[in-house]
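Below you'll find the structure, written out as structure tokens, and then a few comments.
Please read these numbers as outputs of a predicted model, since none were measured by experiment. Sequence lines set the chain letters: A, B, ... in the order given, protein chains first and strands last, and positions in each chain run from 1. Below, all heavy atoms of this structure are taken into account, side chains as well, without hydrogens, waters or symmetry copies.
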Amino acid sequence: MKTKYWLIKSEPEVFSIEDLSKSKNKTTYWDGVRNYQARNYMRDEMKIGDKVIFYHSNTEPPAAVGICEVIKEAYPDFTAFEPNDPHFDPKSKKNSPTWFMVDIKLIYKFERFISLSEMKKNKKLQKMKLLQRGNRLSVIPITKVEFEEIVKLGR
DNA sequence: GCCAACGTTGGC
DNA sequence: GCCAACGTTGGC
């Protein structure tokens, strides 16, 4: 199975890479994806061993902050079933869930965060969907070249 | 099936 | 805090 590469967004106020670093086994379930396209990527294409850039959105500055690995493939996002959860979705049923999550484990946090503006200036990263206008997806496929370029900058 | 209204995302 | 760009909802 060929390794795929992804970029996932999180608002650090909600869940930051420091939070992940402090989590048990540096592992978390990636809950709360409520967009069909992002869900399809997670549910249908994310496989164990895939590599993931962790990105901080809606903060100053927005930046790539570390790398993770997929350690569990898609299973139902149980937060959609819990009425008190901010991600509750009454349309998602336990016997036919709408929403899915994967588990990711931190590989390491970057020594140097790579800001969005730095990525915009980088020739090798120009085609990333992250940089395209109006992009709002929280799970974005990237290429191996893009992944390795960001890792090189952030190491 | 169209599309206006509304809600959310996320850079700035 | 603003607002452009989207996605979703629901009346018709």
Do any N or O atoms from the side chain of A:Asn122 and from the backbone of A:Met119 form a donor-acceptor pair under 3.5 angstrom? no
With salt bridge (charged side-chain N to carboxylate O under 4.0 Å, His left out) as the test, pick out the partner of A:Glu149 among A:Arg155, A:Lys123, A:Lys124, A:Lys144. A:Lys124
Would you please indicate if the ring centroids of A:Phe88 and A:Phe81 are separated by under 6.0 Å? no
Charged N to carboxylate O under 4.0 angstrom, A:Lys121 versus A:Glu118? no
Can you give me the first and the last nucleotide of DNA chain C (5' to 3') that has an atom within less than 4.0 angstrom of a non-hydrogen atom in chain A? C:dA5 to C:dT9
Positions of residues 121-136 of chain A (non-hydrogen atom under 4.0 Å from DNA chain C), listed by number: A:Arg133, A:Gly134, A:Arg136
Residues which pass salt bridge (Lys or Arg N to Asp or Glu O under 4.0 Å) with A:Asp85, listed by chain and number, not counting sequence neighbours: none
With a 4.0 Å cut-off on N to O distance, would you call A:Lys109 and A:Glu18 a salt bridge? yes
Matching residue for A:Trp99 among A:Asp89, A:Thr79, A:Asp31, A:Asn35 - test: side-chain hydrogen bond (donor to acceptor under 3.5 Å, both in side chains): A:Asp89
Decide whether A:Ser138 and A:Arg39 meet the rule of one side-chain donor and one side-chain acceptor closer than 3.5 Å. no
With A:Lys72 via side chain to side chain contact (heavy atoms under 4.5 Å, CB included) - residues at least two apart: A:Tyr75, A:Asp103
Listing, residues 48-57 of chain A side-chain donor-acceptor contacts under 3.5 Å, not counting sequence neighbours, or none:
| unit_1 | atom_1 | unit_2 | atom_2 | d |
| --- | --- | --- | --- | --- |
| A:Asp50 | OD1 | A:Lys4 | N | 3.0 |
| A:Asp50 | OD2 | A:Trp6 | NE1 | 3.0 |
| A:Asp50 | OD2 | A:Lys47 | N | 3.0 |
| A:Lys51 | NZ | A:Gly49 | O | 3.3 |
| A:His56 | NE2 | A:Ile17 | N | 3.1 |

Strand contacts (DNA chain B) in residues 79-88 of chain A, 4.0 angstrom heavy-atom criterion: none
